[in-house]
Every structure is written in C-alpha cells, then in structure tokens.
Number of protein chains: 4
Amino acid sequence: MLRGEITRAIRSALMQELAAVGYGRLSIEAVARRAGVSKTAIYRRWSSKLELVLEIVVAAAGSKLPTLDTGTLRGDLTLLFKLVTHALGHPLASQIIPDLLAEAARNPEIDETLQVVLRAKQQEIGGSLVARAVQRGELPVGTDAGAAVDLIVGPLYWRLAIARSTPAQAYLDALVETVATGLGAAPAVPRQRDVTPPAAPA
Amino acid sequence: MLRGEITRAIRSALMQELAAVGYGRLSIEAVARRAGVSKTAIYRRWSSKLELVLEIVVAAAGSKLPTLDTGTLRGDLTLLFKLVTHALGHPLASQIIPDLLAEAARNPEIDETLQVVLRAKQQEIGGSLVARAVQRGELPVGTDAGAAVDLIVGPLYWRLAIARSTPAQAYLDALVETVATGLGAAPAVPRQRDVTPPAAPA
Amino acid sequence: MLRGEITRAIRSALMQELAAVGYGRLSIEAVARRAGVSKTAIYRRWSSKLELVLEIVVAAAGSKLPTLDTGTLRGDLTLLFKLVTHALGHPLASQIIPDLLAEAARNPEIDETLQVVLRAKQQEIGGSLVARAVQRGELPVGTDAGAAVDLIVGPLYWRLAIARSTPAQAYLDALVETVATGLGAAPAVPRQRDVTPPAAPA
Amino acid sequence: MLRGEITRAIRSALMQELAAVGYGRLSIEAVARRAGVSKTAIYRRWSSKLELVLEIVVAAAGSKLPTLDTGTLRGDLTLLFKLVTHALGHPLASQIIPDLLAEAARNPEIDETLQVVLRAKQQEIGGSLVARAVQRGELPVGTDAGAAVDLIVGPLYWRLAIARSTPAQAYLDALVETVATGLGAAPAVPRQRDVTPPAAPA
DNA sequence: TTCTAATCGAGACGGTACGTCCCGTCTTGCC
DNA sequence: GGCAAGACGGGACGTACCGTCTCGATTAGAA
C-alpha cells in the first residue's frame, strides 16, 4: 500500500469510526484496525486523536459552497436551505457534528476550531446573503447580519439535527417565506398560500 | 451512610461527572469515587450507564415550566426566551444536553427518551403558545405549529448552544419582533419600522 | 478461577515460556496468554520480569535435597551425582539454568540471587559432604572444601549442561572413583580397575 | 566508506553489542547504529542474526591454541589452565559463550555449531594432552579421554564461568595436582603439602 | 436476642486501549 | 548497484480504567 493510500484509508476509517462511536469513545486502535493499518502509521501522521479529528473536519468544511447568488433573497434562501438540508442529511454529518459540538462544550481547542471552520463559515455565507439582499433593496439597510443568520440557520438546524426529521419541500418553501418576511422583506406576491400565510395585504 | 443518602450522593456525583466529562466518557467508577461509594452500590441500583443518566435527565426535564400566558404573543415570546436563555445558561444543561443529543444520534433508546422529555416538551410549550396567539387573533388561523416552534426555538438554541454566546437583551427583543412578524403577527405598534416592516393590516 | 490457581498458572506458564524462549525474549504478555490470565493479574503480583523469574528460581531451588549421608564418601558422591543428573536432566532445568547464568553475566541482581540460591546451595551440599568424609577419615584434614566442590560439581555440570550428553552409569561410577581419589581418599578396594585405574601406590 | 570497511565495522559493532546485551536481545538495528551503517547494509550480507553471530564465533574459535607440549602431564595441565583462565577472563568470552550455550539449548543449529567449534576443540586439546601423558607412562593405558576431559575442563569452567571468581595461582596448582592424581598419575614428589594432600598410600 | 438476609467496602478478575518503543522488511531516491 | 533514510506492519511494553465478580464485615429486621 502506498503512502497516500494509507493516509486516505486512515481518514476514511476515521470518519466511519467517528460516526459509529463518536469522538468520546473513538479509539486509535479501532481506526487502525478498520483502516487495515498499524497504529504506528497513524501516530506518525497525527500526534493525537484531537489533531486527527480536527484536521478531518476542517478539510471537510473547507471544501464547500462556492457563492450562491440567485438574484433574489428568496431564491438565495431556497438554494441555501436545499444545500444545508442535503449536507446535514448525510449520516456522517448528522452524527459527527453533534458529537463535536458536544465535545466543544468541554474542550476549548475543539470549540475554537469549530468556531472558525463551521460557524464562521455559516456567518460568512449568511452574511453575504443578507448583504446582497440589502444591496438589492430587499432588506432594510441596517439589518443585523448576525441576528439574521441565527434566524436563517437556527430553525433548519433545529429541525434537521435536533428534531431529526426530514423536512418536506413545502416546509422549506414556507420557511423561506417566513424568514424573508421576518427579516423585513416585502412579501412575495402569490407564492405561499397555506402553511404560514402572511397577514393578507389590504 | 444510610440507604437514601447513598442514592442521593450517587445522583449528585453523576450530575457533576456528566458535566465534567460528558456521557460518552462517563464512568461508573468515577461516579462512585466522587460519591464516596463503592461501584457495587451503583450497579445494585441501575443496570447501566444509560439507565442511570436517562433517569436523571427525565427527572430534571419533568419538573419544569408551568404555563406561561402573558396575554400577548410578544409577551409570551419574551418570557419564553428569557426562560430558555436562563435554562440553557446553566452549565450543566449546556454541557449535558448537547452530549445526550450527540449520543441520541447513535442510540435509539436515548433518542426516543429525549424526543419525549425534551423536544416534545418544547413542542408542547411552543404549540400552546402559538395556539393562544391564534385564538387571540395575533396569528392567522392555520398557522403551522410545528414550523412555528422551529422558528421560535431554533434561532435561540443556535445562538446559545451552538454559537455559544450570551445574547443581549436588545437581541432578544429584536428576535421576538422578528419571529412574531415572520409568523404573520401584526406589527407591534411604533417600535421599529425599518427592520421588519409589517404587512399592511387588512 | 481462584486466587491461588491463578498464581499457580502464572508460575507454570512462566516456566514453560522461560524454557521456550529464554529470559531475554521472555514477554509478560506471552506468559499471561499461556496461563490464560490477564496481564494485570501478573503485574499485580510481581513488579517486573526479573522479580518474577527470580522468585520462581529461588522457590525451585529452595525446596531441595535433604541431607544425604550414606556413611561413605563414595556412597555420598554416587547419590549426589544421581540426584544432580536427575535434576539437570529435566528439560526445564537444562534450558532455564544456562539462560539465567548467561543473563547473570550482565545483570548483577540476577547474579547475586543465583549466587545465593544455586551456587551457595551447592557449596553447602558439597561442603558438608567433604566435612563428613574428613570426619570419617576418608579425606585428609585440611581438605579445601571450595576446591573440592569445584571438582565434584564441575565435571558433571560440564558433561550435562555444556556437552549435553547423558552419562552412562559406568561413567558416573568412574567419576566417583576418580574424584574420590583426586581428593585424596584411599582407593576403594576391588571395585573397578579398568576405566580409570588409580595409580598404583608406590 | 568502502565495502570492506563497512563489513569490518559491522563485525566490530557486533562483538560489542553481543557483549552488551547478549545474543537473545541482540538487534540488527543496534548493530547498524553502532557501526554507523544502515540496516540494509547488514541484511545484504547476512540473512539472519544467527548466521551473523555464528560466523563471528567460529572465526574467533578457529584461530587458537597451537599445540602445547611441556613434556609432563602436570606441566601441560598448568599451561592449559593458564590459557583457559586467560581466555575465559576476557569479558567478551565470559559474556558471549554462556549466552550462546543457553541459546544452543533451544536452537539445534547453534548447538551443532558450538559442538564443532568449541567443545570438539576442547576434546581435541584435552584428548591429545591425555594421550601424550599415557604415552609418557604418566597415566594408565586405557584412560578414558572423554571422562578425563570432563575432569580437566569441568572444574575450571565451573569456577570461572559459573561461580565467576578468579582463581588464585595456588588454587590452580592444587587443581593440577588433584586432577592429575584423580586421573591416576603418580604423585609429584614434594609439590603439594596442604591443600589437597592425597591419602597416604597403604 | 439471636439469626438471617441484605447491603456495604474493598479490591481482584479478564479485558481493552493507551501511546511508546523497537523489531525486521521493504521502498525510495541520491551518489 | 549499493547506499542512507525512513515508512511499513507487527508486537510487547507497563499503565489506567472499565464493568463484573467474590469476599467478609456491618447492619437491621424478623423470629
């Protein structure tokens, strides 16, 4: 087995082990076993479990989401929600991320890294989405990007990762509309009708 | 030490251990050590780590939140947000809950229990909050309670548990307004006009 | 398995491992495996490989040879040679003893212990054998016990442990006669004449 | 470094390692390190540790002891004992030989080789010594050379290699006398008086 | 009050994993 | 082509805990 293949096998085995037992119970020995590789080969590359896991997460998070600019706030939201739904739908993600978040609550180094690669990334995406909407005149000048991101990311994360249910398309559409409205956009004219109808215009 | 004292000492030690190392790394041995009790004494009472922890969490979750009816949607939201902020601010909660959620992703029994005692509880609270608002005419008839709960709980949970920052009062106020508006409530009279311009009332 | 059985199983496994691979390559893990016992169980009893091995050897050496007094020097020698031949004939002994002797050459602690339990023991046996012969008048007063022991033990050890051949009874008989004569005993009257006939007295 | 220098450096490093840790714990890696040479360079020359070590020992043993004929049995013994004392006094010999003997107890190939180069050599030396004495009339015709060698070599080996003490000259003198007498030589007239006086002839 | 039964602590048990070390083999470029 | 450098799988190290189990000592309540 060549050098690169070994590294790849370790990374792959790590993902599976992480999903299977979580960070807390992750054992290097099990990763090595699953990868068909010696412990030495792992310790030669990473000095600790933490370093190993964080590298993986950073790599996974770093390779994401080009810009998504559909021309309208609602279009951006629809696309974003679709992407996030898909990303969190992957079983590895839905198992590993909560685990790391839990671990972050008691390990500052993990917390720090996740802040940078996960949450900051979402801030960036959400922030630029809001900024474009403001520029277009869809959202009022002075809209608090931070609060907006909470509003955009929070509900979907809650539904997907905590309540652990897959939302229907109709739910996503309604969520788009509700969030857009909540943030102050003028209502999309005929779009939604039933789920969360805005107050009827005069 | 009497029977009851031992049981109490175990429960107390358990909470501290859970907060310190999380469910994944929780060890009966450490609990026994912290409680000043033999391992035997614990295993005689609970057959597994899981049984022990779930009992505690269920007990903690069961003794909560009476009804909160302030008479207005915005009042209810403000109060709810304050309570949730306080609850999640407690270090035990902010460390134990993410951990159990992570564990739930791979243990159906935990997932099941949490569904019942945590999420269902929030559904119930959020649902009755929405129902009252609909009854009062603050929200349109047919408002999807489930989606509404996501919108109410999600952003705050995200900010508190994931982004792990303590929101200012102004942030909470703005969140109340945004969520209310998003859900379709008529705007609170003069407060802010620009951020979330309400749809014109009928 | 009870406490004592475990200890016994370890000791037995140790002997076999020592014989199989020698002290240098002896591994606690292999001993545990062979004994059907956990490593912990061994480390709980002995703190190191050395301590373990020495204890065994001391125990084995300590439980030996009551007095052997046949009434004549030649009788004592004959009996002693028979006992030693039997003891060194045991495969464990013939494999373990050279190994420990070799190890003793570079480990003072082993050397010290072997001096006490093995060589001193032989000195004692050989010494008392010589003393009795002197008392009986079979050997001259002033016979150097130390040198005598070398003469008694050396040839047989050489033949058994180094040349690794099993001596015939005739060889042992001749050796008795030769040693007795060499030490200064009057020749046994008619016994053997051919193999190593004593020098005819002047 | 040239080809030959590397080979020589390996051989030299091997001797030092053998003395330091013995055959059992000898590692090619350590030899390479001490020789300032790569492991590859060693494995290219010898296929195993055993092959490497035996080659060295055979070479060392092969270049020895011309004939020693002093004209008398006692002279030959005195000279032989002096040579052996000197040879076994060399730290390399006193450490490597017991080690190889121990290893031979469980490795037939080593045993075979040692039989040839070490013990056979001693048999040859001892045998010719006895033969000359018989020819001279100092020892009876029919003296068993094998047994005689045991008697000659055994005591000294025991004292030097096992009891690990350096014998005084007086001890060696007495040993010569005792062995000679034991083998059946007429007593040397006035020589020994105290240490192991032969029994007065009837 | 005595006996019985439950419960206690203490701690040994087989296990698993740790992270380190070093083995002998094998691969890869440099000289 | 031989060399050093060093990564490879393997395996043992001695330690730390795990959850299970057995053991007497202590304690309470029932006889």
Side-chain angles (χ1 to χ4, degrees), chain A residues 1-7 9-10 17 21 25-33 35-49 52, chain B residues 1-7 9 21 25-33 35-50 52, chain C residues 1-7 9-10 17 21 25-33 35-49 52, chain D residues 1-3 5-7 21 24-33 35-49 52:
Chain A
M1 206 190 281
L2 297 180
R3 183 94 223 272
E5 300 176 52
I6 289 180
T7 305
I10 293 171
E17 279 296 316
V21 303
R25 279 193 280 250
L26 184 73
S27 95
I28 297 288
E29 210 137 25
V31 172
R33 221 178 295 131
V37 143
S38 69
K39 278 196 295 177
T40 320
I42 298 183
Y43 282 112
R44 217 174 264 125
R45 290 169 170 76
W46 297 274
S47 65
S48 72
K49 198 167 76 168
L52 173 56
Chain B
M1 205 191 282
L2 297 181
R3 182 92 223 264
E5 299 177 53
I6 290 181
T7 305
V21 303
R25 280 197 278 248
L26 183 73
S27 86
I28 297 292
E29 190 139 16
V31 172
R33 216 179 300 128
V37 142
S38 74
K39 286 192 286 180
T40 323
I42 298 183
Y43 282 111
R44 204 171 284 118
R45 290 170 170 77
W46 296 274
S47 67
S48 74
K49 195 169 77 165
L50 180 58
L52 174 56
Chain C
M1 207 190 280
L2 297 181
R3 186 91 222 273
E5 299 178 51
I6 289 181
T7 304
I10 293 171
E17 279 296 315
V21 303
R25 279 194 279 249
L26 183 72
S27 95
I28 296 288
E29 211 137 27
V31 173
R33 221 179 295 129
V37 141
S38 70
K39 278 197 293 177
T40 319
I42 298 182
Y43 282 114
R44 216 173 267 127
R45 290 169 170 77
W46 297 275
S47 66
S48 73
K49 198 167 76 166
L52 173 56
Chain D
M1 205 192 281
L2 297 180
R3 183 90 222 262
E5 299 178 53
I6 289 181
T7 305
V21 304
R25 280 196 280 248
L26 182 74
S27 86
I28 297 293
E29 190 141 16
V31 173
R33 215 179 301 129
V37 143
S38 75
K39 285 190 287 180
T40 324
I42 298 183
Y43 283 110
R44 203 172 285 117
R45 289 169 171 79
W46 296 274
S47 66
S48 73
K49 196 168 77 166
L52 174 55

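Letters A, B, ... mirror the listed sequences (proteins, then strands); counts begin at 1. On a predicted model such as this, the values are computed, not experimentally measured, just so you know.
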Of the candidate nucleotides [options], which contains the atom at the shortest distance from the side chain of [X]?
X       : options               : answer
C:Ser27 : E:dA17, F:dA12, E:dG9 : F:dA12
A:Val37 : F:dG9, F:dA12, E:dC23 : F:dG9
C:Arg45 : E:dC13, F:dC3, F:dG14 : E:dC13

Examine [N]: is either OP1 or OP2 under 4.0 Å from a nitrogen or oxygen in the side chain of [X]? Give yes or no.
X       : N      : result
A:Arg25 : E:dC18 : no
D:Arg44 : F:dG1  : no
A:Arg33 : F:dG10 : no

Rounded to the Å, how far apart are [X] [atom1] and [N] [atom2]?
X       : N      : atom1 : atom2 : answer
C:Ile6  : F:dT22 : CD1   : P     : 12 Å
C:Glu5  : E:dA12 : CD    : C1'   : 14 Å
D:Lys49 : E:dC22 : NZ    : P     : 16 Å
C:Ile42 : F:dT15 : CD1   : C1'   : 15 Å
B:Glu29 : F:dT20 : CD    : P     : 12 Å

Identify the two heavy atoms, one from [X] and one from [Y], that lie closest to each other, and give their separation to 0.1 Å.
X       : Y       : value
B:Ile28 : B:Lys49 : CD1-CA, 4.4 Å
C:Ala9  : C:Ala35 : O-CB, 3.5 Å
C:Val37 : C:Ile42 : CG1-CG1, 4.2 Å
A:Ile10 : A:Ala41 : CD1-O, 4.1 Å
A:Ser38 : A:Ala32 : C-CB, 4.1 Å

(request) Summarise how protein sits on nucleotides 25-31 of chain E as a single string, 5' to 3': B when a protein heavy atom is under 4.0 Å from the base, S for sugar-phosphate-only contact, - for no contact. (result) B------
(request) Specify the residue among D:Ala41 and B:Ile28 whose closest nucleotide of DNA chain F lies further upstream toward the 5′ end. (result) D:Ala41
